[in-house]
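Residue numbers begin at 1 in each chain, while the letters A, B, ... track the order of the sequences.
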Protein chains: 2
Amino acid sequence: MEPEHIDVTEPMPLHCPGACKTVSGVLARIGDKWSVLVIMQLGDEPRRFNDLKRTIGGISQRMLTLTLRGLERDGLVTRTIYPTIPPRVDYRLTDLGRSLRQPVQALGQWAMGNLKAIERARSTYDAAPAGQIFGVAEASGRRDDTHAIG
Amino acid sequence: MEPEHIDVTEPMPLHCPGACKTVSGVLARIGDKWSVLVIMQLGDEPRRFNDLKRTIGGISQRMLTLTLRGLERDGLVTRTIYPTIPPRVDYRLTDLGRSLRQPVQALGQWAMGNLKAIERARSTYDAAPAGQIFGVAEASGRRDDTHAIG
DNA sequence: CTGCATCCTCCTGGATACTG
DNA sequence: CAGTATCCAGGAGGATGCAG
């Protein structure tokens, strides 16, 4: 994550209409180790720093800070400081942030729904990592052409 | 990415029902630098290695191999080898892989639709990175309590 | 409580060279 | 063509200590 500018404008070959790269950029943003967990945890209510830290569990305060800053920079989260003693800082999702929860949850449902299938695939693969091999005969039979390529 | 076992079973505090962590796991899988681009490029037709490499553009052959192996391991992609000369290997999405395109595209549409908003937010943030600050008075007025925390 | 700064480690991923 | 193997730089991210 590190609060660096996402390279949406990096030197890219511009093959596809930019859509793919854009998706990639978004996933670079929310696909890091913690962003999604933070977004999910933020829900609808404002949350405080250590509250988030405890609830998420396993995140270092450094990464929570960086993640929140990143989300804040992208306009997904607002950070409200109350200069009380002890200090109090509320984080809450913006409308943009909330709108992101929708597609993320879709992905989440996919994940939950296909977790078993994925685990099964992994077991299978770990047992026999080799890809399926077709002899030339079968190949030409199935594909009707295995010839001339280069 | 590196063909390592995703740590879905890592020591996790088990706070949430596992849903969040599962989502996180999936994003760890497809949220890397290339997986989504590969999945998008694979589309419905079988594609060959260098074909993918060229079309994606910018990916090293090492990373394409690793990414494809990862996707294959998770059952999202099949790898079919035709032992011809020169060698031919077809990659294609499995049903599972195709089903993933759905939520991913949802995310992609979100990305496209809110790209401008995000860029605007970034500009704003880069100009004034500080979070909004409320004085104690305003704070207690808005939240009706700013007192005792710890 | 909230968070920045520092150090340090490991992984990600690019470049390159070599094999079948 | 389709990889594998190796080397290497840079970044992600944890641990710790300090500040407001």
Subject >> Residue list, salt bridge (Lys or Arg N to Asp or Glu O under 4.0 Å) with B:R98, at least two apart or on another chain >> reply: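 Only B:D95 meet the salt bridge (Lys or Arg N to Asp or Glu O under 4.0 Å) criterion with B:R98.
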
Subject >> A:E72 side, atom CD; A:T65 side, atom OG1 - distance, nearest 0.5 Å >> reply: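 Those atoms lie 11.0 Å apart.
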
Original post:
Roughly how far apart are B:W34 CH2 and B:L64 CG, rounded to 0.5 Å?
Top reply: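 It comes to 9.5 Å.
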
Subject >> Residues in side-chain hydrogen bond (donor to acceptor under 3.5 Å, both in side chains) contact with A:D51, at least two apart in sequence or another chain >> reply: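 So A:D51 forms a side-chain hydrogen bond (donor to acceptor under 3.5 Å, both in side chains) with A:R47, A:T55.
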
**OP:** Check side-chain hydrogen bond (donor to acceptor under 3.5 Å, both in side chains) between B:S99 and all other residues, then give those that pass, not counting sequence neighbours.
**Re:**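 Here the qualifying residues are A:W110.
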
Any side-chain N or O of [X] under 4.0 Å from OP1/OP2 of [N]?
| X | N | result |
| --- | --- | --- |
| A:Y91 | C:dC1 | no |
| A:R88 | C:dT2 | no |
| A:R79 | C:dT2 | no |
| B:K53 | D:dC1 | no |

Original post:
Would you call B:D74 and B:R69 a salt bridge, using N to O less than 4.0 angstrom?
Top reply: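 The answer is no: the pair does not qualify as a salt bridge.
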
Taking atom [atom2] of [N] as reference, at what distance in whole Å does atom [atom1] of [X] sit?
| X | N | atom1 | atom2 | answer |
| --- | --- | --- | --- | --- |
| B:L66 | D:dT6 | CG | C1' | 13 Å |
| B:L64 | C:dG13 | CG | C1' | 13 Å |
| B:M63 | D:dT4 | CE | P | 13 Å |
| A:E72 | C:dT2 | CD | C1' | 14 Å |
| A:L37 | D:dG13 | CG | C1' | 15 Å |
| A:R69 | C:dG3 | CZ | C1' | 7 Å |
| B:D32 | D:dA12 | CG | P | 14 Å |
| A:I59 | C:dG3 | CD1 | P | 13 Å |

Original post:
Excluding sequence neighbours, so at least two apart, what forms side-chain contact (heavy atoms from CB on, under 4.5 Å) with B:T78?
Top reply: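 Here the qualifying residues are B:R92, B:T94.
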
Subject >> Estimated bend of the helix from C:dC1-D:dG20 to C:dG20-D:dC1 (axis per five terminal pairs, rounded to 10 degrees) >> reply: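 So the angle between the two local helix axes works out to 40°.
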
Original post:
A:K33 has a side chain; which of D:dG14, C:dC1, C:dG13 sits nearest to it?
Top reply: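 Closest of the options to the side chain of A:K33: D:dG14.
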
Original post:
Is the closest side-chain donor-acceptor distance between A:D32 and A:S35 under 3.5 Å?
Top reply: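 There is such a pair (donor and acceptor under 3.5 Å, judged by atom type) between the side chains of A:D32 and A:S35.
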
Expected rows: protein N/O vs nucleotides 16-20 of chain C N/O, under 3.5 Å:
{"residue": "C:dT16", "atom": "O4", "partner": "B:Q61", "partner atom": "OE1", "Å": "3.3"}
{"residue": "C:dA17", "atom": "N6", "partner": "B:Q61", "partner atom": "NE2", "Å": "3.3"}

Original post:
What are the two closest non-hydrogen atoms of A:I30 and A:V36, and how far apart are they?
Top reply: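 It is O-CG2, 3.3 Å.
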
